[in-house]
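Quick notes on the structure that follows.
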Amino acid sequence: MYGLLKGKRGIIFGALNEMSIAWKVAEKAVEEGAKITLTNTPTAVRMGETNALAEKLNTIVIPADATNISDLEEVFKKSMEALGGPIDFVLHSIGMSPNVRKKKTYDDLDYEMYTQTLNISAMSFHKMIQTAKRLDAISEGGSILALSYVAAQRTFYGYNDMADAKALLESIARSFGYIYGREKGVRVNTISQSPTMTTAGSGVKGIDHLLDFSDRMSPLGNASAEECADYCIVMFSDLTKKVTMQNLFNDGGFSSMGMSLRAMAVYSKCMDDFKDENGNIIYG
């Protein structure tokens, strides 16, 4: 503990259970001296363990749908009331694809579900920032973060329409980072994390293979949820006052690699897991 967030106020979106990166961020933020509130969808609050985390951290949970403007207004208003002033940092850790859950391939998307993916996983970030700005809820020099993935820039088997959502998420950070930075010095960034076995991540097709591949490819290996939380804390702190509009990789070096020896050693040993009943490879 370094006291990096002493006296700061924050809101953490998306802490579901101990597997969540947002859960780890919430714990570390309080350890570093911050006061926070937690928010997630009413369904997630009922089915998850967010209330237990709130009790542990001596804070409150504000159930809210992050795609709903009225709910977001309540989150910021109630947070400022509970914490005693404007917010210094916000984490957006929200992502879900109905197409991935239904195992729809990218060339056979359900467009209604595709719209849901973009709304939940990316447009909610825009709505969150726009709502905060209209309410003047973020303090001068505050920090806003969202969690991304390298699939925003590269194609990964099984990541599907979530890749489009992450690309939009990063674009929103750049566009709002310029406006909010000029007007109030607020920083807006994304952190592109290693594949991580969260509840949402476990739904990605072939996640076990992806975790193994990225770990073999990365000089430092995969970054854990705890290590991502550490990075978030630094980005919330005053040590990064001039860092904004960036997509910051926390992936052990994976994003700069072509092919490693460890990955090459196991390359293409078996494709049987990725074939249909007729023996054709499924690329989607």
Side-chain angles (χ1 to χ4, degrees), residues 8-16 20-23 25-26 29 34 36-45 50 59-83 85-97 115-149 152 162 164-181 183-193 200 232 235-236 244-247:
K8 292 189 181 293
R9 309 174 185 94
I11 303 174
I12 306 298
F13 284 77
L16 178 66
S20 308
I21 293 174
W23 184 289
V25 174
I36 66 168
T37 59
L38 303 169
T39 181
N40 213 326
T41 65
T43 301
V45 172
T50 314
T59 187
I60 62 170
V61 178
I62 307 170
D65 176 357
T67 67
N68 183 286
I69 299 297
S70 296
D71 283 10
L72 288 168
E73 289 175 347
E74 286 298 298
V75 169
F76 284 103
K77 289 176 181 177
K78 288 182 178 179
S79 293
M80 287 190 287
E81 180 181 349
L83 301 176
I87 306 305
D88 297 299
F89 62 88
V90 182
L91 175 70
H92 177 284
S93 181
I94 302 169
M96 193 277 287
S97 166
T115 300
Q116 288 180 295
T117 299
L118 297 177
N119 193 24
I120 294 168
S121 306
M123 287 175 62
S124 63
F125 189 45
H126 192 287
K127 292 175 182 180
M128 184 192 84
I129 302 172
Q130 182 166 286
T131 301
K133 187 173 182 293
R134 286 178 173 173
L135 293 174
D136 196 23
I138 308 295
S139 61
E140 187 83 25
S143 178
I144 299 173
L145 277 180
L147 298 183
S148 190
Y149 181 52
M162 277 299 297
D164 298 348
K166 293 302 186 185
L168 177 56
L169 186 83
E170 293 177 13
S171 178
I172 290 168
R174 290 189 295 271
S175 297
F176 247 127
Y178 166 68
I179 296 169
Y180 224 162
E183 291 187 9
K184 204 164 181 182
V186 173
R187 298 162 278 154
V188 186
N189 295 285
T190 55
I191 291 180
S192 190
Q193 166 69 1
C232 290
M235 292 305 299
F236 292 150
T244 194
M245 301 169 64
Q246 301 300 308
N247 180 53

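Positions are given from 1, in the same order as the sequence printed here.
A donor-acceptor contact shorter than 3.5 Å links the side chain of Thr41 to the backbone of Ala44. A side-chain donor-acceptor contact under 3.5 Å links Thr244 to the backbone of Val188. Of the possible polar contacts, none joining the Asp88 side chain to the Gly10 backbone as a donor-acceptor pair under 3.5 Å is found.
There is no side-chain donor-acceptor pair under 3.5 Å between Thr190 and Glu170.
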Checklist entry - What do the steps show when you test Leu169 against Ser121 for side chain to side chain contact (heavy atoms under 4.5 Å, CB included), and what is the final call? => result CA-CA 8 Å; Leu169 186 83; Ser121 306; over 6 Å; no
Item to check | Working for side chain to side chain contact (heavy atoms under 4.5 Å, CB included), residues Phe89 and Ile36 | outcome: CA-CA 9 Å; Phe89 62 88; Ile36 66 168; 3.8 Å; yes
Item to check | side chain to side chain contact (heavy atoms under 4.5 Å, CB included) evaluation trace for Val186 with Ile144 | outcome: CA-CA 7 Å; Val186 173; Ile144 299 173; 3.9 Å; yes
Could you pull out all donor-acceptor pairs under 3.5 Å where a side-chain atom in residues 126-134 meets a protein atom, sequence neighbours excluded?
| residue | atom | partner | partner atom | Å |
| --- | --- | --- | --- | --- |
| Lys127 | NZ | Thr67 | O | 2.9 |
| Lys127 | NZ | Asn119 | OD1 | 3.0 |
| Thr131 | OG1 | Lys127 | O | 2.7 |
| Lys133 | NZ | Glu183 | OE1 | 2.8 |

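Few gaps surround CD on Glu140; more than 12 heavy atoms of other groups in view lie less than 6.0 Å from it.
Annotation: side chain of Ser139 is not in contact with side chain of Ile87 (no heavy-atom distance under 4.5 Å). Contact of the Asp136 side chain with the Lys184 side chain is registered, since non-hydrogen atoms from C-beta on lie closer than 4.5 Å. By the 4.5 Å heavy-atom criterion applied to side chains, Thr39 and Pro63 are not counted as neighbours. Side-chain contact check for Phe125 versus Ile94: every heavy-atom pair is 4.5 Å or farther apart. In this structure, the side chains of Thr117 and Met162 come closer than 4.5 Å at one or more pairs of heavy atoms. Put simply, the side chain of Val90 does not reach to within 4.5 Å of the side chain of Leu145, judged on heavy atoms. Residues Arg9 and Pro86 form a side-chain contact, since some pair of their non-hydrogen atoms from C-beta on lies under 4.5 Å apart. Residues Thr37 and Leu83 meet the side-chain proximity criterion, which asks for heavy atoms closer than 4.5 Å.
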